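Working notes for the structure below.
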Amino acid sequence: VAESQGVVLSRLGTLMALLAAVTLLACCLSVAGVLAAAVVERRPEIALMRAIGALRGNVVLLFLAEAAVLGLVAGTLAAGSGALLARVLVRAIFGAPPQVHAGALLLAPLLGLATAWLGSAWPVWRALGEDAAPVRKLADVGPGLVVDADGRLAGIVTTMDVLKALVHGDLDEDVKA
């Protein structure tokens, strides 16, 4: 009997490890999706930061910091909800008080952080690939005085005008060239 229980527990342990691996993969894909959406939404901002001199490392740190906050919050929530769920399930199934280890409560936010950073690798790699060259061209155009083809004053462009146009993509085609 003890040997058959050992085999069942061994298989159950393997099943739990497999379930944990699948859950980790799902979490990484979820983080990657969230940060990929952030990269897509922030393309003009990323290009503008790169155009005004931000190093690739600065862009990476921006997204890694966002992933870190996401991971730490998720890990903390997972630790709290896991401890609560364990308490309820252990009492319901075994009729005994659960033993929640403090190490698990401390480890969960760190695992959340690691998962978030692992899941953010692909979106951060994409952020590094954002091309700043078109924005550099635009930054060379304004702000300042705008003259027409005959050299006559056509208007004044402020820095705020250029930044708004870059972020919203509202530049005229002739200015983009």
Side-chain angles (χ1 to χ4, degrees), residues 15-89 98 100-144 157-173 175-176:
L15 181 63
M16 292 300 289
L18 181 63
L19 182 61
V22 169
T23 303
L24 179 64
L25 178 65
C27 289
C28 287
L29 290 174
S30 176
V31 169
V34 168
L35 287 177
V39 167
V40 168
E41 287 178 10
R42 295 183 185 162
R43 277 185 184 168
E45 296 167 22
I46 292 168
L48 182 60
M49 285 189 295
R50 298 276 295 130
I52 60 175
L55 302 174
R56 289 180 185 263
N58 297 91
V59 176
V60 168
L61 285 176
L62 176 74
F63 286 102
L64 288 181
E66 185 175 333
V69 170
L70 182 69
L72 289 172
V73 168
T76 303
L77 291 174
S81 62
L84 181 64
L85 185 61
R87 177 171 293 181
V88 170
L89 288 177
V100 178
H101 298 285
L105 294 176
L106 296 174
L107 189 61
L110 296 177
L111 286 174
L113 176 66
T115 302
W117 277 344
L118 183 64
S120 67
W122 178 72
V124 168
W125 185 261
R126 282 189 49 141
L128 286 178
E130 293 297 323
D131 185 22
V135 178
R136 270 195 206 103
K137 256 191 247 178
L138 294 172
D140 291 342
V141 170
V157 178
T158 66
T159 304
M160 190 56 71
D161 293 333
V162 173
L163 292 176
K164 284 179 187 176
L166 288 173
V167 170
H168 298 292
D170 296 336
L171 292 172
D172 296 331
E173 288 301 319
V175 175
K176 289 182 182 179

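Because the structure is a prediction, the values reported are computed rather than measured.
- Of the options Val60, Val59, Leu61, a side-chain contact (heavy atoms from CB on, under 4.5 Å) to Phe63 is made by Val59 and by none of the others.
- Here the side chains of Leu55 and Asn58 are in contact, with some heavy-atom distance below 4.5 Å.
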Using residues 102-119 as the side-chain source, report each donor-acceptor pair under 3.5 Å to any protein atom, sequence neighbours left out, with the distance given to one decimal.
residue : atom : partner : partner atom : Å
Thr115  : OG1  : Leu111  : O            : 2.8
Trp117  : NE1  : Leu64   : O            : 3.0

